[in-house]
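Structure first, commentary second.
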Number of protein chains: 2
Amino acid sequence: MKALTRNQELVLDVLQRSARQMSAYDILDKLRPEGLKAPLQVYRALEKLMEIQLVHKLESLNAFVSCNHKSCHGSDMTAFTICQDCGAVNEFSADGVAALLKRQSVGEGFKIYQTAIEIKGTCARCM
Amino acid sequence: MKALTRNQELVLDVLQRSARQMSAYDILDKLRPEGLKAPLQVYRALEKLMEIQLVHKLESLNAFVSCNHKSCHGSDMTAFTICQDCGAVNEFSADGVAALLKRQSVGEGFKIYQTAIEIKGTCARCM
DNA sequence: TATGTAATGTTATAATATAACAAACTGAGT
DNA sequence: ACTCAGTTTGTTATATTATAACATTACATA
Ligand SMILES: [Zn+2]
Ligand SMILES: [Zn+2]
Ligand SMILES: [Zn+2]
Ligand SMILES: [Zn+2]
């Protein structure tokens, strides 16, 4: 587990403190006081953080969240619910789904490398 | 089942003839000879086509495909494999996965409206 | 025909992401 | 300490994807 660089620390820290997903530009704005100036500085940090699964990208929102799911590091399976009313995002365990997808995709002759499962709907608080 | 408008027909037609997913701007370029000039003309057509599930968006690619899955219209469950080597996209039936996700998300007090399941890996031809 | 709804055309701009390249840092091996 | 390779950084510029705003036109239907 390699140590994070300064920019990676900064980006991860901002994401962890945030209650919500953030766009790369949201993150950049938060980090201007620390001296960051260019989108690439954020995107490069995000790229590494996603590689080691400390951060996930919500593809359907073009936004990023820190991983709060103890057991997903090293797994290739990540699933999110996204509430369309309040915007709340929740990472949840989808092991059964993962296994099923794997079986089914093997049936189709497909070797899974990574999955994005994003479920939009209404969360409990908003029902 | 309302009839499609001219722009919607044009966009759907281009997508159906394409062997691959296309970005909105790919589609626009194909349709310049037909008189389309602005991105919005394409995006608006895509919006309607997605509403009636004749077209799906691949969120992780910011690209669009026509639906070739006979039974998915009216369903809220769509799943894709995306080959990272050759780029091939395949829409596949994920009823079991859908059911499982539904059960699990109900457990979390979440009402599903729509899902995006995108699986990246290597297809049979590329293995 | 009157009336409301949906679709269109157009210009401009916002939001998201990457290319290219030079400079600085890091760690392993000598 | 020196060297080399690989990684990270800073910076400017640009590419790609998507929407805002607003005037206009088509279409259904009562
Ligand atoms: Zn996670
Ligand atoms: Zn909610
Ligand atoms: Zn479909
Ligand atoms: Zn392939």
Side-chain angles (χ1 to χ4, degrees), chain A residues 1-15 18 20-52 54-65 80 82 84 87 89 114 116 118 120, chain B residues 1-15 18 20-52 54-65 80 82 84 87 89 114 116 118 120:
Chain A
M1 182 80 79
K2 249 183 91 186
L4 300 178
T5 66
R6 173 177 149 83
N7 286 358
Q8 289 162 12
E9 286 280 12
L10 287 171
V11 167
L12 180 59
D13 189 61
V14 164
L15 274 178
S18 169
R20 281 205 176 310
Q21 70 276 16
M22 299 178 79
S23 77
Y25 284 78
D26 290 340
I27 296 169
L28 177 56
D29 287 339
K30 281 276 184 203
L31 290 177
R32 284 189 195 282
E34 318 297 327
L36 270 69
K37 288 175 184 163
L40 249 195
Q41 294 176 295
V42 172
Y43 279 107
R44 289 202 275 225
L46 287 171
E47 187 182 10
K48 288 301 169 201
L49 291 169
M50 286 191 290
E51 241 174 71
I52 56 183
L54 289 179
V55 165
H56 302 296
K57 179 173 187 182
L58 297 168
E59 299 285 0
S60 66
L61 300 179
N62 295 316
F64 304 85
V65 290
F80 296 92
I82 301 170
Q84 291 183 312
V89 167
Q114 201 186 40
E118 298 177 18
K120 295 199 180 165
Chain B
M1 183 79 80
K2 249 184 89 187
L4 299 178
T5 66
R6 173 177 149 84
N7 286 358
Q8 290 162 11
E9 287 281 12
L10 287 171
V11 168
L12 180 58
D13 188 61
V14 164
L15 274 177
S18 169
R20 279 205 177 310
Q21 70 276 16
M22 299 177 79
S23 77
Y25 285 78
D26 291 340
I27 296 169
L28 176 57
D29 286 340
K30 281 275 183 205
L31 289 178
R32 285 190 195 282
E34 318 297 327
L36 269 69
K37 288 174 183 163
L40 251 194
Q41 296 177 293
V42 172
Y43 279 108
R44 289 202 276 226
L46 286 171
E47 188 182 10
K48 288 303 168 199
L49 291 169
M50 287 191 289
E51 241 173 71
I52 56 182
L54 289 178
V55 165
H56 303 296
K57 179 174 186 180
L58 297 168
E59 298 285 359
S60 66
L61 299 179
N62 295 314
F64 304 85
V65 290
F80 297 91
I82 302 169
Q84 291 183 310
V89 167
Q114 201 186 39
E118 298 176 18
K120 296 199 180 164

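Per chain, numbering begins at 1; letters A, B, ... match sequence-line order. Computation of the quantities below employed the complete heavy-atom set of this structure, encompassing side-chain atoms and omitting hydrogens, waters and symmetry-equivalent molecules.
The backbone N or O of Ser60(A) lies less than 3.5 Å from a partner atom in the side chain of Glu118(A), making a donor-acceptor pair. Distance alone, capped at 3.5 Å, places no donor-acceptor pair between the Asp13(A) side chain and the Leu10(A) backbone. A distance-only check finds no donor-acceptor pair linking the side chain of Glu34(A) to the backbone of Leu31(A) [under 3.5 Å].
Across every non-hydrogen atom of Ala45(A) and Val11(A), the tightest pair is CB-CG2, 3.7 Å. Closest approach of Tyr25(B) and Pro39(B) over heavy atoms only: OH-CG, 3.3 Å.
Between the CD1 atom of Ile27(B) and the C1' atom of dT17(D) there is a distance of 12 Å, rounded to whole Å. When the P atom of dA15(C) is taken as reference, atom CE of Met22(A) falls 15 Å away, rounded to whole Å. Atom CD in Glu59(B) sits about 14 Å away from atom C1' in dT16(C), given to the nearest Å. Atom CG of Leu31(A) is separated from atom P of dT9(D) by 13 Å (rounded to the nearest Å). Atoms OH (Tyr43(A)) and C1' (dG10(D)) sit 17 Å apart, rounded to a whole Å. Atom CG in Leu28(B) sits about 15 Å away from atom C1' in dT19(D), given to the nearest Å. With rounding to whole Å, Leu58(A) atom CG is found 11 Å from dA17(C) atom P. Rounded to whole Å, the distance from CG on Asp26(A) to P on dA14(C) is 16 Å.
At a threshold of 4.5 Å between non-hydrogen side-chain atoms, the residues Leu15(A) and Leu49(A) do not count as touching. The shortest side-chain heavy-atom distance between Lys57(A) and Asn62(A) falls under the 4.5 Å cut-off.
Close to dA17(C), at under 4.0 Å from its OP1 or OP2, lies a side-chain N or O of Asn62(A). For Lys57(B), a side-chain nitrogen or oxygen approaches OP1 or OP2 of dA18(D) to under 4.0 Å.
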Provide a list of protein-nucleic acid N or O atom pairs under 3.5 angstrom, restricted to nucleotides 8-12 of chain C.
from, atom 1, to, atom 2, distance (Å)
dT8(C), OP1, Thr5(B), OG1, 2.8
dG9(C), OP2, Asn7(B), ND2, 3.0
dG9(C), OP2, Gln41(B), NE2, 2.6
dG9(C), O5', Gln41(B), NE2, 3.4
dG9(C), N7, Arg44(B), NH2, 2.4
dG9(C), O6, Arg44(B), NH1, 3.2
dG9(C), O6, Arg44(B), NH2, 3.2

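Electrostatic pairing of Lys48(A) and Glu51(A) counts as a salt bridge here, judged by a charged N lying under 4.0 Å from a carboxylate O. A salt bridge is absent between Arg44(B) and Glu47(B); no separation between the charged side-chain nitrogens and carboxylate oxygens falls under 4.0 Å.
The aromatic ring of Tyr25(B) does not stack onto the base of dT16(D), failing the criterion of a centre distance under 5.5 Å from the six-membered base ring together with planes under 30° apart.
Direction change of the helix axis from one end of the helix from dT1(C)-dA30(D) to dT30(C)-dA1(D) to the other is 40°, with five pairs defining each end axis (rounded to 10°).
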